[in-house]
Protein chains: 2
Amino acid sequence: MNLSPKIENFVLHCGEMGSRWGFNRTIGQMVALLVIHEQPLTANEIAESLKISRGNVSMGIKELQSWQLVKVTHIPGDRKEYYAPNGSIWDLANRVFEERRKREIDPTLSLLRDQILEGSESPEEEYAQNQIQTIHDLLETITKWSAELQRLSPEQLQTLMKLGSSVSKVIDLKDKLLKKS
Amino acid sequence: MNLSPKIENFVLHCGEMGSRWGFNRTIGQMVALLVIHEQPLTANEIAESLKISRGNVSMGIKELQSWQLVKVTHIPGDRKEYYAPNGSIWDLANRVFEERRKREIDPTLSLLRDQILEGSESPEEEYAQNQIQTIHDLLETITKWSAELQRLSPEQLQTLMKLGSSVSKVIDLKDKLLKKS
DNA sequence: CTAAAGTTTCAGTAATTATTGAAACTTTAA
DNA sequence: TTAAAGTTTCAATAATTACTGAAACTTTAG
């Protein structure tokens with residue numbers, strides 16, 4: 001299994017980007033490879049294509065499963081496991097987004113909630129307490145908004161995103177709507 | 001300069017989260033410290049509070065400036081530099097968001113654009129080409145949407161975010177609006 | 001059963017990234 | 001000027017993270 005120059009380019013690039021996307025190089029390459037190939041691949045094919053060890057592939061698959069980005073399939077009469085992306089490009093992007101929210105926002109939100117409950121001990125901490133509240137509110141808004149987006153169908157999301165420069169118009173519209181009702 | 005337990009907690013937490021937010025521990029701690037303190041701090045105070053070397057602070061400040069997250073101020077009659085967050089919590093979050101978009105999306109968008117221009121060499125690459133196109137379109141939509149959000153005023157953004165569960169209603173609304181006009 | 005095919009684990013090591021601290025550089029008050 | 005105060009740089013090193021490969025484990029066909 002060796003890759004055409006174009007596909008190799010793509011895969012290597014995703015490897016480099018991997019760490020910025022929240023995983024590591026190997027895993028970035030693995031997603032790219034799976035996404036670009038119509039047929040599911042075996043762990044050995046992945047190892048061979050990317051020139052990495054079998055053990056590394058195994059760990060990568062495990063990690064990708066924790067992100068819900070791959071699914072395992074089987075071919076009748078063949079006991080090997082075949083791996084494929086778990087859903088459309090859109091689905092994958094959505095899961096990465098959601099998973100990152102969990103890792104990057106939730107823990108902080110939880111700490112700040114506790115700190116707010118504690119209250120400020122000294123008047124000197126007053127400013128700090130205020131800032132903490134502000135950050136908390138911001139993170140909570142982002143969390144709610146993101147949950148909202150998750151609830152929309154891909155089509156609705158497309159619509160929303162494509163709104164483009166008319167977003168502000170829609171906001172105005174919403175204001176008017178509220179006044180009427 | 002030593003920190004109250006609550007503030008220390010907050011600062012340490014932000015340090016741990018730092019790498020998930022796109023920088024490293026030291027820098028996470030530095031932002032936290034600056035945000036939580038009403039008065040601007042000197043590099044030495046930062047080094048002392050966080051128990052890190054002076055050089056590390058200098059590199060951190062540099063990095064934070066590249067993210068546009070800190071500003072330098074001066075106190076008359078004192079030649080030291082004093083550092084403070086560059087804007088409100090909201091402004092900072094916005095800049096981090098934007099900067100990350102640049103680092104995590106733009107390079108890939110640019111590669112994919114090139115690869116689409118090249119076209120597919122073999123019919124075997126047809127599927128790959130298609131996937132690349134899909135990813136490209138997704139990233140482009142995200143980029144445009146994000147530029148749109150940047151253009152909104154904080155107040156408009158607040159409104160939009162607070163729309164919450166009525167987002168889908170707004171989408172429906174927009175559909176109706178389009179049909180009428 | 002059992003042996004072959006396949007998969008996972010993990011200790012050891014490699015690669016990467018972050019940090020220190022001393023030297024070099026810059027600025028300014030006198 | 002110049003020396004004191006302040007800042008930056010960067011080579012050396014520490015800390016962290018990723019990867020390998022051999023051994024252990026699991027599954028299944030015969």
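This structure is a prediction, so every number in the text was calculated from the model and none was measured.
Listed by residue number, the members of residues 29-39 of chain B with any heavy atom below 4.0 angstrom from DNA chain D form an empty set.
For the pair B:Arg20 (side chain) and A:Arg103 (backbone), a donor-acceptor distance under 3.5 Å is present.
Each of C:dG6, D:dT9, D:dT16 was ranked by its minimum atom distance to the side chain of A:Lys80; first place goes to C:dG6. Nearest nucleotide to the side chain of A:Arg54, out of D:dA18, C:dT8, D:dT16: C:dT8. Nearest to the side chain of A:Ser53, among C:dG6, D:dG21, C:dT16, sits D:dG21. Out of D:dT20, C:dT20, C:dT8, the shortest distance to the side chain of A:Ile52 is found at D:dT20. Closest to the A:Ser58 side chain, of the nucleotides C:dT8, D:dC19, C:dT19, is C:dT8. Of all nucleotides listed (D:dA18, C:dA4, D:dA4), C:dA4 comes nearest to the side chain of A:Arg79.
Side-chain contact of A:Thr42 with A:Glu81: a donor-acceptor pair under 3.5 Å is absent, judged by distance alone.
Applying side chain to side chain contact (heavy atoms under 4.5 Å, CB included) to B:Gln129 and the options B:Pro123, B:Ser122, B:Ser120 leaves one that passes, B:Ser120.
Here A:Lys62 reaches the OP1 or OP2 of C:dT9: one of its side-chain N or O atoms lies under 4.0 Å away. Within the structure, a side-chain polar atom (N or O) of A:Asn24 is placed less than 4.0 Å from OP1 or OP2 of D:dC19. In this structure, B:Thr26 reaches the C:dT19 phosphate: one of its side-chain N or O atoms is under 4.0 Å from OP1 or OP2.
Spacing between atom NE2 of A:His74 and atom C1' of C:dA5 amounts to 14 Å, rounded to whole angstrom units. Rounded to whole Å, atom C1' of C:dT8 lies 13 Å from atom CG of A:Asn44. Going from atom CE of B:Met59 over to atom P of C:dT20 covers 9 Å, rounded to whole Å.
Ion pair B:Glu104/A:Arg100 flagged as a salt bridge, since at least one NZ, NE, NH1 or NH2 atom sits closer than 4.0 Å to an Asp/Glu carboxylate oxygen. Using a 4.0 Å cut-off between a side-chain N of Lys or Arg and a carboxylate O of Asp or Glu, B:Arg95 and B:Glu98 do not qualify as a salt bridge.
For the pair B:Ile27 and A:Arg25, both in contact range of DNA chain C, the more 5′-proximal nearest nucleotide belongs to A:Arg25.
B:Asp137 pairs by the side-chain contact (heavy atoms from CB on, under 4.5 Å) definition with B:Gln133, not counting sequence neighbours.
Annotation: A:Asp78, atom CG; neighbour count of heavy atoms from other residues, nucleotides and ligands within 6.0 Å is above 12.
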